[in-house]
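Just so it is clear, the model here is predicted, and its values are computed rather than measured.
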Amino acid sequence: FIVVLYFFDYNTLGKHSRAIGAGPVAAEQSGVNVPMVKWTAFAISGLFAGIAAFMMVMKTGSGGPAAGTSFEFNVMIAMILGGMPSEGGAKSKIKACFIGAVLISFYTNGMVMLNIDSRVAEIIKGVVFILVVVLTKRMQAATSSAKGKKTVKAELKAAQNEAKRQYDAMKLRIVYM
């Protein structure tokens with residue numbers, strides 16, 4: 001976890017990955033080598049998938065094409081429970097995934113310790129997932145409606161600042177070319 005946290009939050013590869021998630025065109029215009037970062041991200045993902053498959057084989061003693069098929073839903077729930085934005089982008093944090101993974105582990109272990117049927121546990125997990133997604137979307141809608149109450153003058157000032165920032169970034173790229 002600490003190694004992934006370092007690479008994602010404190011390394012240029014992680015920052016470039018989040019920039020691509022927020023907007024690939026803007027990232028490319030900012031000087032990020034988008035195809036290379038995507039290739040590297042997929043290679044790292046494949047490496048971790050291979051490590052996970054190896055660990056799964058070591059745990060179960062066998063491997064098959066259907067091994068691990070039930071984990072996708074746990075990953076989605078862990079991501080949403082941890083507060084990771086479902087759209088990805090610049091607000092993505094590894095810490096959120098870690099918190100979600102810990103929460104879903106507590107849930108799974110609790111259901112086993114309480115001797116609750118696995119089908120009932122999956123139904124409860126699905127209901128929690130739907131509730132968290134609905135609440136998250138409502139909070140995003142409330143935030144966007146509050147942002148909609150900005151004055152025109154403030155929006156104009158923000159647009160001017162953004163244009164100036166993009167102009168300065170373009171000048172820097174020209175200087176370094």
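Between Ala101 and Ala78, the closest heavy-atom pair is N-CB, 3.6 Å. Pro24 and Val34 get closest at one heavy-atom pair: O-CG2, 3.8 Å. When all heavy atoms of Ile116 and Ala121 are compared, the closest pair comes out as CG2-N, 4.3 Å. The heavy-atom pair separating Tyr107 from Lys125 by the smallest distance is OH-N, 3.4 Å.
Under a hydrophobic clustering in which Ile, Leu, Val, Met, Phe, Trp and Tyr are joined whenever their side-chain heavy atoms come within less than 4.5 Å, directly or via other members, Ile44 and Phe98 fall into the same cluster. Under the 4.5 Å side-chain heavy-atom criterion for grouping Ile, Leu, Val, Met, Phe, Trp and Tyr, Trp39 is not connected to Val25 through any hydrophobic cluster. Side-chain heavy atoms closer than 4.5 Å link hydrophobic residues (I, L, V, M, F, W, Y) into clusters, and following such links, even through other members, never connects Met56 to Phe48. Under the 4.5 Å side-chain heavy-atom criterion for grouping Ile, Leu, Val, Met, Phe, Trp and Tyr, Ile130 is not connected to Met111 through any hydrophobic cluster. Hydrophobic clustering of Ile, Leu, Val, Met, Phe, Trp and Tyr side chains at less than 4.5 Å, counting indirect connections, unites Phe73 with Val120.
Annotation for Phe71: atom CZ does not count as buried by contact number, only 12 or fewer foreign heavy atoms lying within 6.0 Å.
A salt bridge is absent between Arg119 and Glu122; no separation between the charged side-chain nitrogens and carboxylate oxygens falls under 4.0 Å.
Side chains of Met55 and Met58 form no contact here, defined as non-hydrogen atoms less than 4.5 Å apart.
Paired with Leu103 under the rule side-chain contact (heavy atoms from CB on, under 4.5 Å), one option of Thr108, Leu81, Val128 passes, and it is Leu81.
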side-chain contact (heavy atoms from CB on, under 4.5 Å) evaluation trace for Arg18 with Lys15: CA-CA 5 Å; Arg18 284 197 311 271; Lys15 292 176 183 178; 3.8 Å; yes
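Judged by distance alone, the side chain of Ser45 and the main-chain N or O of Ala41 form no donor-acceptor pair under 3.5 Å.
Atom CD1 of residue Ile104 and atom CE of residue Met79 lie 12.5 Å apart, to the nearest 0.5 angstrom.
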